[in-house]
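If you read the sequence from its start, that first residue is 1, and numbering goes on from there.
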Amino acid sequence: LLFSNAVNLLSNVPVSCLDVLICPLTHEETTQEATTLDELPGDKTTEKETVLKNSTMVYNGMNMEAIHVLLNFMEKRIDKGSSYREGLTPVLSLLTECSRAHRNIRKFLKDQVLPPLRDVTNRPEVGSTVRNKLVRLMTHVDLGVKQIAAEFLFVLCKERVDSLLKYTGYGNAAGLLAARGLLAGGRGDNWYSEDEDTDTEEYKNAKPKYSITFLFI
């Protein structure tokens with residue numbers, strides 16, 4: 001109930017003010033991060049990245065713990081499996097608006113929800129990751145639920161059709177694309193930074209087959 005009330009409160013805050021959910025690391029936190037990283041050998045690049053991401057939920061020098069709490073709350077609401085309209089859509093809508101208005105929040109959530117695609121053998125809706133769960137909601141019987149789930153993923157993809165299809169498949173995204181007049185491709189109306197969405201080697205190698213198997217069924 002406390003989390004639900006917090007979400008409802010934040011949903012009434014002007015979107016331009018939602019950057020209060022993130023803040024620069026304090027001097028103590030920065031010092032702790034640096035000390036932990038310095039203790040690792042110089043060649044342990046992966047371990048350093050893991051420490052930087054997991055210890056205090058850092059992204060671009062910003063503390064993302066509040067956003068991570070909201071993301072965990074959203075996933076728990078999905079796992080509950082009922083009352084999606086009342087319990088899930090408010091937090092999904094909040095995260096969507098945060099992502100649309102604030103670049104650091106969007107990029108952090110993209111890393112968490114849509115990490116580099118390595119599983120290219122299973123359909124996008126098959127599995128237990130947050131991405132899989134959200135993709136399944138894109139074909140939910142409740143129109144409001146499937147619209148906000150699709151919108152959230154679309155915003156994380158910077159409203160680029162090709163990027164959305166890579167993570168969700170054409171069939172799952174068809175409803176959103178039809179409503180937006182984007183069935184032939186393109187991108188949405190909002191502007192986003194031009195940072196690249198890099199493909200993994202697994203996806204590059206499987207891309208021709210992946211496109212036929214998942215994107216167009």
> Working note: Met64 + Gln112, criterion side chain to side chain contact (heavy atoms under 4.5 Å, CB included); need CA distance, chi angles, decisive distance, verdict.
CA-CA 11 Å; Met64 294 287 179; Gln112 300 293 313; over 6 Å; no
> What residues form a side chain to side chain contact (heavy atoms under 4.5 Å, CB included) with Ala173, not counting sequence neighbours?
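For Ala173 the side chain to side chain contact (heavy atoms under 4.5 Å, CB included) partners, ignoring immediate neighbours, are Met138, Leu164, Leu165, Thr168, Leu177.
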> Check whether Val130 and Val126 end up in the same hydrophobic cluster, where Ile, Leu, Val, Met, Phe, Trp and Tyr are linked by side-chain heavy atoms less than 4.5 Å apart.
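Different hydrophobic clusters.
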> Rounded to the nearest 0.5 Å, how far does CG of Leu88 lie from CE of Met74?
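Met74 CE to Leu88 CG: 7.0 Å, rounded to 0.5 Å.
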> Rounded to the nearest 0.5 Å, what separation is found between the CE atom of Met62 and the CZ atom of Phe108?
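Taking CE in Met62 and CZ in Phe108, the distance rounds to 12.0 Å.
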> Taking only residues at least two apart or on different chains, which pairs with a member in residues 85-97 satisfy side chain to side chain donor-acceptor pair (under 3.5 Å)?
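Residue pairs passing side chain to side chain donor-acceptor pair (under 3.5 Å), neighbours aside: Arg85-Asp142, Glu97-Arg100.
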> Restricting to side chain to side chain contact (heavy atoms under 4.5 Å, CB included), what partner residues turn up for Glu125, sequence neighbours left out?
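Residues passing side chain to side chain contact (heavy atoms under 4.5 Å, CB included) with Glu125: Arg123, Val135, Arg136, Asn172.
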> Keeping Asn132 on the side-chain end and Pro124 on the backbone end, is there a donor-acceptor pair under 3.5 Å?
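Between the backbone of Pro124 and the side chain of Asn132 there is a qualifying donor-acceptor contact (under 3.5 Å).
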> Given Arg106 and Leu156, is the side chain to side chain contact (heavy atoms under 4.5 Å, CB included) satisfied, shown in steps?
CA-CA 6 Å; Arg106 174 182 58 79; Leu156 293 189; 4.3 Å; yes
> Write out all pairs satisfying ring pair (Phe, Tyr, Trp, His ring centres under 6.0 Å) with one or both partners inside residues 69-96, taking only residues at least two apart or from two chains.
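As it turns out, the ring pair (Phe, Tyr, Trp, His ring centres under 6.0 Å) pairs with a partner in residues 69-96, which skip direct neighbours, are Phe3-Phe73, Tyr84-His140.
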> Under the criterion side chain to side chain contact (heavy atoms under 4.5 Å, CB included), I'd like the reasoning laid out for Tyr167 against Leu153: C-alpha separation, chi angles, the key distance, then a yes or no.
CA-CA 9 Å; Tyr167 289 105; Leu153 293 176; over 6 Å; no
> Quick check: do His68 and Asn72 have side-chain heavy atoms less than 4.5 Å from each other?
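They are in side-chain contact.
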> Can you list every pair that meets salt bridge (Lys or Arg N to Asp or Glu O under 4.0 Å) and has a residue in residues 4-24, with sequence neighbours left out?
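Those involving residues 4-24 do not exist here.
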> As an exercise, state the distance from CD1 of Ile67 to CG of Leu109, rounded to the nearest 0.5 Å.
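Reported to 0.5 Å precision, the distance equals 6.0 Å.
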> May I ask you to test the Lys110-Lys158 pair for a side-chain heavy-atom distance under 4.5 Å?
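Counting from C-beta outward, Lys110 and Lys158 never come under 4.5 Å.
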> Would you call Leu182 and Glu159 a side-chain contact if the rule is heavy atoms closer than 4.5 Å?
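No, too far: nothing below the 4.5 Å cut-off.
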> Only counting residues at least two apart or in another chain, list the ones meeting side-chain hydrogen bond (donor to acceptor under 3.5 Å, both in side chains) with Asn5.
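Asn5: no side-chain hydrogen bond (donor to acceptor under 3.5 Å, both in side chains) contacts found.
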> Would you please name every residue forming a side chain to side chain contact (heavy atoms under 4.5 Å, CB included) with Lys80, sequence neighbours left out?
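Lys80: side chain to side chain contact (heavy atoms under 4.5 Å, CB included) contacts with Arg77, Ser82.
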> Nearest 0.5 Å, please: how far is CG in Leu18 from CG in Leu94?
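One finds 6.0 Å between CG of Leu94 and CG of Leu18.
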> Rounded to the nearest 0.5 Å, what separation is found between the CG atom of Leu71 and the CG atom of Leu92?
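Here the rounded value is 9.5 Å.
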> When rounded to the nearest 0.5 angstrom, what distance separates OG in Ser99 from NZ in Lys107?
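Between atom OG of Ser99 and atom NZ of Lys107 there are 13.0 Å.
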> Residues in salt bridge (charged side-chain N to carboxylate O under 4.0 Å, His left out) with Lys146, at least two apart?
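Not a single residue meets the salt bridge (charged side-chain N to carboxylate O under 4.0 Å, His left out) criterion with Lys146.
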> What pairs of donor and acceptor atoms, side-chain ones from residues 8-15 against any protein atom, are under 3.5 angstrom apart with sequence neighbours left out?
unit_1 : atom_1 : unit_2 : atom_2 : d
Asn8   : ND2    : Ser4   : O      : 3.2
Ser11  : OG     : Val7   : O      : 2.8
Asn12  : ND2    : Asn8   : O      : 2.8

> Nearest heavy-atom pair of Phe154 and Val161: which atoms, and what distance?
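Shortest heavy-atom contact: CE1-N, 4.2 Å.
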> Show your reasoning for whether side chain to side chain contact (heavy atoms under 4.5 Å, CB included) applies to Leu21 and Leu70.
CA-CA 10 Å; Leu21 294 172; Leu70 289 172; 4.2 Å; yes
